[in-house]
Q: 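Pasting a structure here, questions to come.
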Amino acid sequence: MSALTLARAYQHSFETYPNITLALTGGCLNSLGDFVAQVIEKKIATTEGKYRKYDIPRTLRFFVFGFTISPFLGRWNCALERWFPLRTNLGSRRVSLRALSKRVACDQIVMAPIGVGVFLSSMALMERRDSGQIKERFNDLYRSTVLTNWKVWPLAQLINFRYMPLAYRIPFQSGCGVFWTLYLSLINARYVETYCKLI
């Protein structure tokens, strides 16, 4: 019953204020991903006999990133919906697998590399890194992160584009994204620990 109430509240909020609903949903779920990452990092550090303090500003950076990018992703999903309609005949229940494949391919070829680039640069900027450090981060992380993205996200987006109504695509992405954010948070933190402390 409470899940149904929450879904109705979300749907109403999305219909009334789509951008702010997507922004808050994305920000909160990105923060959750970083929170989980930090809890795991703390557990690992504890087993190694080290102390690791929770980094609140880091979680806030993930909130800001999710809050900012989610409305753009919502518009991207609307564009994909227009460019590659899944049902070519009005009233038809059949889904065009060709259009679905094109939608996933377009998302992965166009948006995935852009999203990874925006993530790496925005995190570096929020950490107050200079242009040399940002370039170095790109050189070290961009390619491997995009390749990992292509191993993980096509299946998630296939499910998302096929079964999720438009209003629920960003929450679904953000829900799956908790695990992706966990990965991004861990590689970003590892990079900061390894390279930025040397500077």
Side-chain angles (χ1 to χ4, degrees), residues 2-3 6 10 20-74 108 111-157 159-160 169-199:
S2 64
L6 183 64
Y10 175 83
I20 195 70
T21 302
L22 293 175
L24 288 171
T25 302
C28 290
L29 288 170
N30 262 355
S31 298
L32 176 63
D34 182 64
F35 171 78
V36 171
Q38 288 198 54
V39 167
I40 289 170
E41 288 170 352
K42 186 172 182 156
K43 235 180 193 13
I44 291 168
T46 304
T47 60
E48 295 173 352
K50 300 174 187 171
Y51 173 73
R52 185 179 200 102
K53 186 176 152 192
Y54 189 84
D55 186 354
I56 293 172
R58 180 176 131 179
T59 301
L60 291 174
R61 288 191 294 270
F62 274 87
F63 177 84
V64 169
F65 176 75
F67 185 88
T68 305
I69 201 166
S70 292
F72 292 107
L73 293 175
Q108 292 303 299
M111 187 52 73
I114 292 170
V116 169
V118 169
F119 170 78
L120 292 174
S121 58
S122 65
M123 284 297 157
L125 288 170
M126 287 188 280
E127 292 164 0
R128 295 192 170 113
R129 306 293 175 201
D130 64 33
S131 59
Q133 292 168 319
I134 294 171
K135 186 178 179 183
E136 188 177 332
R137 185 177 292 192
F138 260 84
N139 290 338
D140 292 342
L141 296 177
Y142 181 77
R143 186 170 184 266
S144 64
T145 305
V146 169
L147 291 174
T148 303
N149 176 91
W150 287 338
K151 293 174 187 173
V152 173
W153 278 102
L155 179 60
Q157 290 295 65
I159 293 166
N160 191 21
R169 287 191 189 146
I170 296 300
F172 178 83
Q173 273 179 267
S174 296
C176 295
V178 167
F179 299 103
W180 180 244
T181 301
L182 170 64
Y183 168 75
L184 291 176
S185 181
L186 291 171
I187 65 159
N188 192 59
R190 204 171 297 130
Y191 181 83
V192 169
E193 273 182 17
T194 305
Y195 295 102
C196 296
K197 289 187 178 177
L198 299 174
I199 298 169

Q: Checking Asn160 against Gln157: is there a side-chain donor and acceptor pair closer than 3.5 Å?
A: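 There is such a pair between these side chains.
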Q: For Ser31, give me all partners under side-chain hydrogen bond (donor to acceptor under 3.5 Å, both in side chains), at least two apart in sequence or on another chain.
A: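 Checked Ser31 against side-chain hydrogen bond (donor to acceptor under 3.5 Å, both in side chains); zero matches.
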Q: Under 4.5 Å between any side-chain heavy atoms of Glu127 and Arg137, yes or no?
A: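 A side-chain contact under 4.5 Å exists here.
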Q: List the atom pairs, donor and acceptor, that lie under 3.5 Å between side-chain atoms in residues 118-125 and the rest of the protein, sequence neighbours left out.
A:
from: Ser121; atom 1: OG; to: Gly117; atom 2: O; distance (Å): 2.8
from: Ser121; atom 1: OG; to: Val118; atom 2: O; distance (Å): 3.3
from: Ser122; atom 1: OG; to: Val118; atom 2: O; distance (Å): 2.8
from: Ser122; atom 1: OG; to: Phe119; atom 2: O; distance (Å): 3.2

Q: Determine yes or no for a side-chain-to-main-chain donor-acceptor pair under 3.5 angstrom, with Trp150 supplying the side chain and Gln108 the backbone.
A: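 Answer holds: yes.
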Q: Measuring from atom CG of Asn30 to atom OG1 of Thr25, what distance do you get when rounded to the nearest 0.5 angstrom?
A: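 Asn30 atom CG to Thr25 atom OG1 measures 11.0 Å (nearest 0.5 Å).
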Q: List the residues meeting salt bridge (charged side-chain N to carboxylate O under 4.0 Å, His left out) with Arg52, not counting sequence neighbours, and say none if there are none.
A: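 Listed in chain order: Glu41, Glu193.
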Q: How about Leu147: does its CG atom have over 12 heavy atoms from other parts shown lying under 6.0 Å from it?
A: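 Enclosed.
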Q: How would you list, by chain and number, every residue that makes a salt bridge (charged side-chain N to carboxylate O under 4.0 Å, His left out) with Lys53, sequence neighbours excluded?
A: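 Lys53 satisfies salt bridge (charged side-chain N to carboxylate O under 4.0 Å, His left out) with no other residue.
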Q: Report the distance from atom CG of Leu141 to atom CD of Glu136, rounding to the nearest 0.5 Å.
A: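 Leu141 atom CG to Glu136 atom CD measures 9.5 Å (nearest 0.5 Å).
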Q: Between atom CZ of Phe72 and atom CD1 of Ile114, what is the distance when rounded to the nearest 0.5 Å?
A: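 These two atoms lie 12.0 Å from each other.
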Q: Which heavy atom in Ala23 sits nearest to a heavy atom in Pro71, and how many Å separate them?
A: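 Looks like CB-CG, 3.8 Å.
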Q: When you compare the side chain of Leu60 with that of Met126, does any pair of heavy atoms fall below 4.5 Å?
A: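 Answer no - side chains too far apart.
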Q: Considering residues at least two apart in sequence or located in another chain, which fulfil the side chain to side chain contact (heavy atoms under 4.5 Å, CB included) criterion with Asp130?
A: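 So Asp130 forms a side chain to side chain contact (heavy atoms under 4.5 Å, CB included) with Gln133.
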Q: Return the CD to OG1 distance between Gln38 and Thr59, rounded to the nearest 0.5 Å.
A: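 Separation between the atoms: 4.5 Å.
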Q: Please identify each residue that fulfils side-chain hydrogen bond (donor to acceptor under 3.5 Å, both in side chains) with Thr21, with sequence neighbours left out.
A: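 side-chain hydrogen bond (donor to acceptor under 3.5 Å, both in side chains) list for Thr21, sorted by chain: Ser13.
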Q: Within the 4.5 Å heavy-atom criterion, are Phe65 and Arg61 side-chain neighbours or not?
A: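 Answer no - side chains too far apart.
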Q: Do any side-chain atoms of residues 171-180 form donor-acceptor pairs under 3.5 angstrom with protein atoms, and if so which ones, sequence neighbours left out?
A:
from: Gln173; atom 1: OE1; to: Asn77; atom 2: ND2; distance (Å): 3.1
from: Ser174; atom 1: OG; to: Ile170; atom 2: O; distance (Å): 2.9

Q: Does anything in residues 124-145 form a ring-ring contact (aromatic ring centres under 6.0 Å, His included)? List the pairs, not counting sequence neighbours.
A: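 Residue pairs with at least one partner in residues 124-145: Phe138-Tyr142.
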Q: Could you work out, with salt bridge (charged side-chain N to carboxylate O under 4.0 Å, His left out) as the rule, every residue matching Arg169, not counting sequence neighbours?
A: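 With neighbours one apart ignored, the set is Glu81.
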Q: Excluding sequence neighbours, so at least two apart, what forms side chain to side chain contact (heavy atoms under 4.5 Å, CB included) with Val39?
A: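 Partners of Val39 under the side chain to side chain contact (heavy atoms under 4.5 Å, CB included) test: Phe35.
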Q: So, using side-chain hydrogen bond (donor to acceptor under 3.5 Å, both in side chains) as the criterion, who are the partners of Ser144 when residues are at least two apart?
A: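 Not a single residue meets the side-chain hydrogen bond (donor to acceptor under 3.5 Å, both in side chains) criterion with Ser144.
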Q: For residues 42-49, please give each side-chain donor-acceptor pair under 3.5 Å, one per line with the distance, not counting sequence neighbours.
A:
from: Thr46; atom 1: OG1; to: Lys42; atom 2: O; distance (Å): 2.7
from: Thr47; atom 1: OG1; to: Ile44; atom 2: O; distance (Å): 2.7

